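Read the structure below first, then the notes.
Letters go in sequence order (proteins before strands), and every chain restarts at 1. Keep in mind the model is a prediction, meaning the values are calculated, not measured.
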Protein chains: 2
Amino acid sequence: MQKLREEIIQTALELFDAQGFHRVSVNQIVKEAGTSKGGFYHHFQSKDELLFVIHDTFITYVLKEAEAATETHQSPVEQIQEIIRSFVHVFDLYQSHITVFYQESNYVDETFEDEINRKRDQFKDKVIAVVKRGQEEGEFRHELPPEITGMAILGMVNWLNKWYRREGSHTIEEIAEVFTDLVLHFLLPGHEGVSGVEQRPPFFYGEK
Amino acid sequence: MQKLREEIIQTALELFDAQGFHRVSVNQIVKEAGTSKGGFYHHFQSKDELLFVIHDTFITYVLKEAEAATETHQSPVEQIQEIIRSFVHVFDLYQSHITVFYQESNYVDETFEDEINRKRDQFKDKVIAVVKRGQEEGEFRHELPPEITGMAILGMVNWLNKWYRREGSHTIEEIAEVFTDLVLHFLLPGHEGVSGVEQRPPFFYGEK
DNA sequence: CTATACAGACCAACCAGTCGGTCTTGGGAG
DNA sequence: CTCCCAAGACCGACTGGTTGGTCTGTATAG
């Protein structure tokens, strides 16, 4: 029976979301979930494993979405649009997971750390790869360093977890629209004028 | 004498940075700092107050920098450039403060919460205000919602705390350059072509 | 009948904070 | 310049409470 397991995860999610992992005790969780210490430790090795499971469900989902986005779309422009769109929407779907994920990721036990980091890096690399490919195919501005640009995109979206609230004055769709607009504005060359000749000489960041 | 107080803060900073606030005990701090419980509680009301002090030093500095930036520069373009530049550099100067700030901000005691949030909001509002003013003066694209745009900028920079390392392959100056470039690219209108007539009809996000 | 699912009393470890006491310092009286 | 003493600086053994986790035992399903 996996029913209690799910119940525990849901309860823990709500409690962690509201009070933070460290302020919630196992006793609190089992009481709220209507079970006991025995029930808890029958399904989880430790409180740390529970934290890991929460992290893993979330990051696995995000990664799968990103993979789907790059498979169903061909051009880098469409791919980055779709990645941002689906990623932004995650912040509406997985509110509690997100809070816990961003708040407590540094406290994930060493035992599980690697798996989480692996998936997180895969996601990061995917974004950077799309930027790179866009540059190679001549669609994106070639003078941008892909890593910094990729991390800028990730930061922009990731930061949502600090300010986006479902009851807030901006819908998730609106935010997704603006974000893709912003990103495409700095990725696509837009200053070449009519002649096709660049108004500024090619410029590479970090030149000495 | 404030020497021990400073010593405690520095030691705590290093320990919190490496292990996280919740994994470091007061005993560890005082042992490492070469003092005692008595010494600690002579200078701080509680472990929570120490966390507050760390937060406050950092956010106060950032806020002061942003205020200086808007005072010494006139045009919104220069202001946003300077805010980003100085803010990005903070991530090089205050590494440990930053880690602790972003990792543990949710655990700051209620007593001190308000003060931190007040300053954090002031900073946020300052960025949004610059965007708004830039739009009013006709320099920035008027179809962007200032809040979302401002938060995008903040997220981009704030996310640095997750990936920027002094030993990394990008210098802080390079990152600052790229970030200001990205931001100006999505803030400034760049698609009007030569005639001055917009190629796309004006478009407002969130239109029903 | 047996293996899985769950119950809950129990424990050892730890931790933030206290408190009575000692040391140091600096300034005023002689 | 010296003595004194008070107040601030610091010490460290101690405590009350909490926490994650264990263990023995029971119920239930197949």
Do any side-chain nitrogens or oxygens of A:H42 fall under 4.0 Å of OP1 or OP2 in C:dA5? yes
Is the terminal nitrogen or CZ of B:K47 (NZ for Lys, CZ for Arg) located under 6.0 angstrom from the six-membered ring centre of B:F21 and within 45° of that ring's axis? yes
Report which part of the nucleic acid A:V30 touches: base, sugar-phosphate, or nothing (heavy-atom distance under 4.0 Å, all strands). nothing
Whole-Å gap separating P (D:dT18) and NE2 (B:H22): 18 Å
Whole angstrom is fine here: how far is it from CD in B:E49 over to C1' in C:dG17? 14 Å
Has B:H43 got a side-chain N or O lying under 4.0 Å from the OP1 or OP2 atom of D:dG8? no
Rounded to whole angstrom units, what separation is found between the CG atom of A:L50 and the P atom of D:dG20? 11 Å
By nearest-nucleotide position on DNA chain D, the 5'-leaning member of A:Y41 and B:F40 is B:F40
Any side-chain N or O of A:T35 below 4.0 angstrom from OP1/OP2 of C:dA7? yes
In whole Å, what is the span from the CZ atom of A:R5 to the P atom of C:dC6? 12 Å
Taking only Lys NZ, Arg NE, NH1 and NH2, and the carboxylate oxygens of Asp or Glu, determine whether B:E136 and B:K132 approach each other closer than 4.0 Å. no
Taking NZ, NE, NH1 and NH2 as the nitrogens, is one of them in B:D181 or A:R141 under 4.0 Å from a carboxylate oxygen of the other? yes
Could you pick out which residue, B:R23 or A:G39, lies toward the 5' side of DNA chain C when each is mapped onto its nearest nucleotide? A:G39
Could you check how far CG of A:L4 sits from P of D:dA27, rounded to whole Å? 18 Å
Nearest-Å distance for atom pair CD1/P, residues B:I8 and C:dG17: 14 Å
Remember a base hit wins even if backbone is also touched, and classify B:K47 as base, sugar-phosphate or nothing at under 4.0 Å, heavy atoms. sugar-phosphate
Protein-nucleotide distance (B:K31, atom NZ; D:dG12, atom P), rounded to Å: 13 Å
Tell me whether the side-chain N/O atoms of B:S36 come closer than 4.0 Å to OP1 or OP2 in D:dC11. yes
Mind calculating the distance between CZ (B:F21) and C1' (C:dA16) to the nearest angstrom? 10 Å
For A:S96 versus A:L13, what's the shortest heavy-atom pair and its separation? CB-CG, 3.8 Å
